[in-house]
**Student:** 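The structure is given below, and queries will be raised subsequently.
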Amino acid sequence: MLASIYRFLGGDNPFRAIAYENASRSVRELSKDISFYDKQGTLTDIQGIGKSIESDIKEFLTTGVIGKLEKLKHKVPIELLELMDITGFGPQSLKTIYKKLHLQTKEEVIRALEDGSIQKLKGFGPRKVENLLRNLKLHKTLESRMLLYDALLEAEGIINLLSPLTNVKKIEMAGSLRRRKETIGDIDILIAAPVKARKKIIDFFVSPTLASKTLARGETRASIILKANQRQADIRIVEEEEWGSALQYFTGSKAHNIHLRSIAKGKDFKINEYGVFNIKTTKRIGGRTEEEIYNSLQMQMIPPEMREDHGEIELALNHNIPSLVRLQDIRGDLQMHSNWSDGQLSLDDLVEYVRTNFKYEYIAITDHSKSSRIAKGMDEKKFLKQISAIEEINKRLGTSFLKSGAEVDILSDGTLDLSDEVLAQLDWVTASIHVGFKNDNTKRLVRACQNNYVHCIGHPTGRLIGKRESYPIDFNKLLEAAKETGTLLEINAQPNRMDLHDEYALLAQEKGVKLVISTDSHKASDYDFMKIGLSVARRAWCKPEHIANTLSWKELKRLFTKK
DNA sequence: GCCGTTTTCGGCCCGACTGTTTTCAGTCG
């Protein structure tokens, strides 16, 4: 809020607004609550927080308000500032509208746009007014973001259409999509093509095949609203020799790039989307590959998933970038549902499909337990029957590929929905909470960890992105319990779960709690979700050693000798 | 307002696109 007020006030010091924006972003991205840092007295260790903002935060934590903000609120049309979230409404335009027409609310602005009074102002022509109105409308439909998985599918579709065009030398996703953020605002695609080929590529991109609206089009870039899902997609076209610098630039994040550029500046280099340049000689040093960009600053190449300016640049300068876990490191999927409960495939079909399409060494069938009625949960008797069925299939195939398992419900008191006798006979037990989202579930989860037959806690926070918040939970207590009992935590790879999310997965990784990436699949197309879980792990800076299902089955079971 | 491997003062990423101008300001990513 302070950031947008200062942005609006602008004037003598525009950098104050930027400072507040930076601080606000840092606080938003903290893994722990801000009061934690206050208690520790480490607020000013947070990037972007100095003496002044520290005292603002302290004031807010003790009194619930910031005096400075309350005063400023009376100096600016506070309701108008909301409009700055909408494309086209910058501080200067709003200021003009406010000063000349004395408008106070969003509704008044919309009316003034429609009745032509804004168009009479200097700098507001008919096109601008039309765009502002259109962006206002658009903002409503674009409020929610895409899930990573949906955005990936959409982007792959666009790439498949564009890549066969003449002279498309290279094409790749960029932006938050390439960094694999859990939700995506718009789809960014980068293309390498010679100048003469660009017009045809852009013509195709903005054509009705893909676009329902063209937002902007130039010689090197274009923005459209996709026909398929009414989301925004952008393309940029560069020369092949600019590929690395352009890909680096358009992948971001913004904070990562700004940090990188300031380092470059200190070395008398300049980085832009066209390459790395020596400022003094104006000579181009590199830019054909991303490696050239980072290497020119004596840095290691940084994987896209790490580029958030959360300390990865310092790691790269010290050549300490971890070798992140890769898809080919994953040796098995440990949460899969069959048609014995709510899955679609029979055990036979499931095994055949996975063995044909994946190179796994093992998979665990983890059907639901009896209290999950809606999911056709199974009782003890049925689990015993399934164990024999699995044995029979393994025997017939001459392998031990298929592991018997369960996704057992954690009941309200923290006990489990299956008897220890049956749990003891299963190869793999994941325990999850499926009901009771309102109460603090820390105790339930800790008790589940303490059960000797539980290997893993499934979707530990219970959130559904955009639909349901996590149930209340003291995550640090869960981490302690997991660490103490040697219980693993799941990165559930369902696109709308991604649970643990990247920040919690990072905390677990730092604490030495091992993680498991599982698809929680219910049908054949779900098996692909593994890559979603993998991107969470990579955003949490996980190496293979942090992920238990990169181990062979023998090594995996050895983790539980304590239990 | 924040920050520091040239700096505790003087910087703060940088180029494309749009629309309104008639050479550029505003906005975005």
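Within every chain, numbering begins at 1; the chains are lettered A, B, ... in the order of the sequence lines, protein sequences first and strands thereafter.
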**Student:** Please check if any side-chain donor atom of A/Asn492 sits under 3.5 Å from a side-chain acceptor atom of A/Glu490, or the reverse.
**Tutor:**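 Short answer, yes.
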
**Student:** State whether A/Arg16 places a side-chain N or O below 4.0 Å from either non-bridging phosphate oxygen (OP1 or OP2) of B/dG1.
**Tutor:**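 Yes.
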
**Student:** Taking the C1' atom of each, how far is B/dA16 from B/dC9, in whole Å?
**Tutor:**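 Taking atom C1' in both B/dA16 and B/dC9, they lie 33 Å apart.
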
**Student:** Would you kindly say whether A/Asn131 and A/Arg134 are connected by a side-chain donor-acceptor distance under 3.5 Å?
**Tutor:**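 Note: A/Asn131 and A/Arg134 side chains meet the donor-acceptor criterion.
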
**Student:** Provide, to the nearest angstrom, the distance between the CD atom belonging to A/Gln298 and the P atom belonging to B/dT5.
**Tutor:**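 Distance check: A/Gln298 CD to B/dT5 P gives 15 Å.
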
**Student:** Taking the P atom in each of B/dT20 and B/dT27, what is the distance between them to the nearest angstrom?
**Tutor:**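 Rounded to whole Å, the distance is 13 Å.
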
**Student:** When the distance from CD1 of A/Ile49 to C1' of B/dC3 is rounded to whole Å, what number comes out?
**Tutor:**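 After rounding, the reported distance stands at 14 Å.
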
**Student:** Using the P atom as the point on both nucleotides, what is the distance between B/dT23 and B/dG29, in whole Å?
**Tutor:**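 The same atom, P, in both gives a distance of 30 Å.
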
**Student:** Just N and O in the side chain of A/Tyr6: are any of them under 4.0 Å from OP1 or OP2 of B/dC2?
**Tutor:**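 The answer is no; no side-chain N or O of A/Tyr6 sits under 4.0 Å from OP1 or OP2.
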
**Student:** Between B/dC13 and B/dT8, how far apart are the C1' atoms? Round to whole Å, please.
**Tutor:**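 After rounding to an integer number of Å, I get 23 Å for this pair.
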
**Student:** Identify whether the distance between the nearest side-chain nitrogen and carboxylate oxygen of A/Glu290 and A/Arg307 falls below 4.0 Å.
**Tutor:**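 Counted as a salt bridge, because a side-chain N and a carboxylate O are separated by less than 4.0 Å.
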
**Student:** If I pick the C1' atom on B/dT7 and the same atom on B/dC2, what distance separates them, to the nearest angstrom?
**Tutor:**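 Per the computed distance, 14 Å lies between those C1' atoms.
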
**Student:** Should B/dT8 form a Watson-Crick or G-U wobble pair with both distances under 3.5 Å, which nucleotide is its partner?
**Tutor:**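 Check on B/dT8: unpaired, no WC or wobble geometry under 3.5 Å.
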
**Student:** Taking atom types as modelled, find out whether A/Gln300 and A/Asn320 have a side-chain donor-acceptor pair closer than 3.5 angstrom.
**Tutor:**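 Result is no, nothing qualifies.
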
**Student:** Need one value for A/Phe15: base, sugar-phosphate or nothing, where a base atom within 4.0 Å counts as base even if backbone is also close, heavy atoms only.
**Tutor:**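 Base contact.
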
**Student:** Minimum heavy-atom separation for A/Thr87 to A/Leu132, with atom names?
**Tutor:**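 So the two residues come closest at O-CD2, 4.4 Å.
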
**Student:** Which nucleotide wins on minimum distance to the side chain of A/Thr220, given the candidates B/dG1, B/dG15, B/dC17?
**Tutor:**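 Closest nucleotide among those given: B/dC17.
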
**Student:** B/dC17, B/dC2, B/dC14: which one has an atom nearest the side-chain heavy atoms of A/Ser52?
**Tutor:**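 It is B/dC2.
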
**Student:** Quick one: A/Ile263 CD1 to B/dC13 C1', roughly how many Å, whole number?
**Tutor:**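 Checked: the CD1 to C1' distance equals 13 Å.
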
**Student:** Between B/dT5 and B/dG1, how far apart are the C1' atoms? Round to whole Å, please.
**Tutor:**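 It works out to 24 Å between them.
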
**Student:** Classify the angle between the aromatic ring planes of A/Tyr149 and A/Phe529 as parallel (below 30°), tilted (30 to 60°) or perpendicular (above 60°).
**Tutor:**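 Plane angle over 60°, so perpendicular.
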
**Student:** Under 4.0 Å, counting only non-hydrogen atoms across every strand here, what does A/Asn272 touch: a base, just sugar-phosphate, or nothing?
**Tutor:**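 Answer is sugar-phosphate: A/Asn272 comes under 4.0 Å of backbone atoms only.
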
**Student:** For B/dG11 and B/dT6, measure between their C1' atoms and round to the nearest Å.
**Tutor:**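 Each nucleotide's C1' atom is 13 Å from the other's.
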
**Student:** Whether A/Asp309 and A/Lys254 form a salt bridge (side-chain N of Lys/Arg under 4.0 Å from carboxylate O of Asp/Glu) is what I want to check.
**Tutor:**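 No, no charged N to carboxylate O under 4.0 Å.
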
**Student:** Both A/Ala19 and A/Ile258 contact DNA chain B. Which one's nearest nucleotide lies toward the 5' end?
**Tutor:**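 Looking at DNA chain B, the more 5' nearest nucleotide goes with A/Ala19.
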
**Student:** Without decimals, in angstroms, what is the distance between A/Leu215 CG and B/dC17 C1'?
**Tutor:**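 Atom-to-atom, A/Leu215 to B/dC17, this comes out as 12 Å.
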
**Student:** In this structure, how many angstroms lie between the P atom of B/dC13 and the CG atom of A/Asp268, rounded?
**Tutor:**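 So the CG-P distance, A/Asp268 to B/dC13, works out to 16 Å.
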
**Student:** Can you check the A/Ile293 CD1 to B/dC13 C1' distance for me, whole Å?
**Tutor:**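 A/Ile293 atom CD1 is separated from B/dC13 atom C1' by 14 Å.
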
**Student:** Once each nucleotide of nucleotides 19-29 of chain B is scored for protein heavy atoms under 4.0 Å, what B/S/- sequence comes out, 5' to 3'?
**Tutor:** SSS----SSSB

**Student:** Whole Å only: how far is the CD atom of A/Glu219 from the P atom of B/dT18?
**Tutor:**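 In whole Å, B/dT18 P lies 10 Å from A/Glu219 CD.
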
**Student:** Just checking A/Ile53: base, sugar-phosphate only, or nothing, at a heavy-atom cut-off of under 4.0 Å?
**Tutor:**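 Sugar-phosphate contact only.
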
**Student:** Check the distance between B/dG1's P and A/Lys51's NZ and give it to me in whole angstrom.
**Tutor:**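 Rounding to the nearest Å, NZ of A/Lys51 and P of B/dG1 are 13 Å apart.
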
**Student:** Regarding A/Ser535 and A/Arg180, is there a side-chain donor-to-acceptor distance under 3.5 Å anywhere?
**Tutor:**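 The criterion, which ignores hydrogens and geometry beyond distance, is not satisfied for A/Arg180 and A/Ser535.
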
**Student:** Any chance NZ of A/Lys170 has more than 12 other-residue heavy atoms, nucleotides or ligands included, within less than 6.0 Å?
**Tutor:**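 For A/Lys170, atom NZ is crowded (more than 12 foreign heavy atoms under 6.0 Å).
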
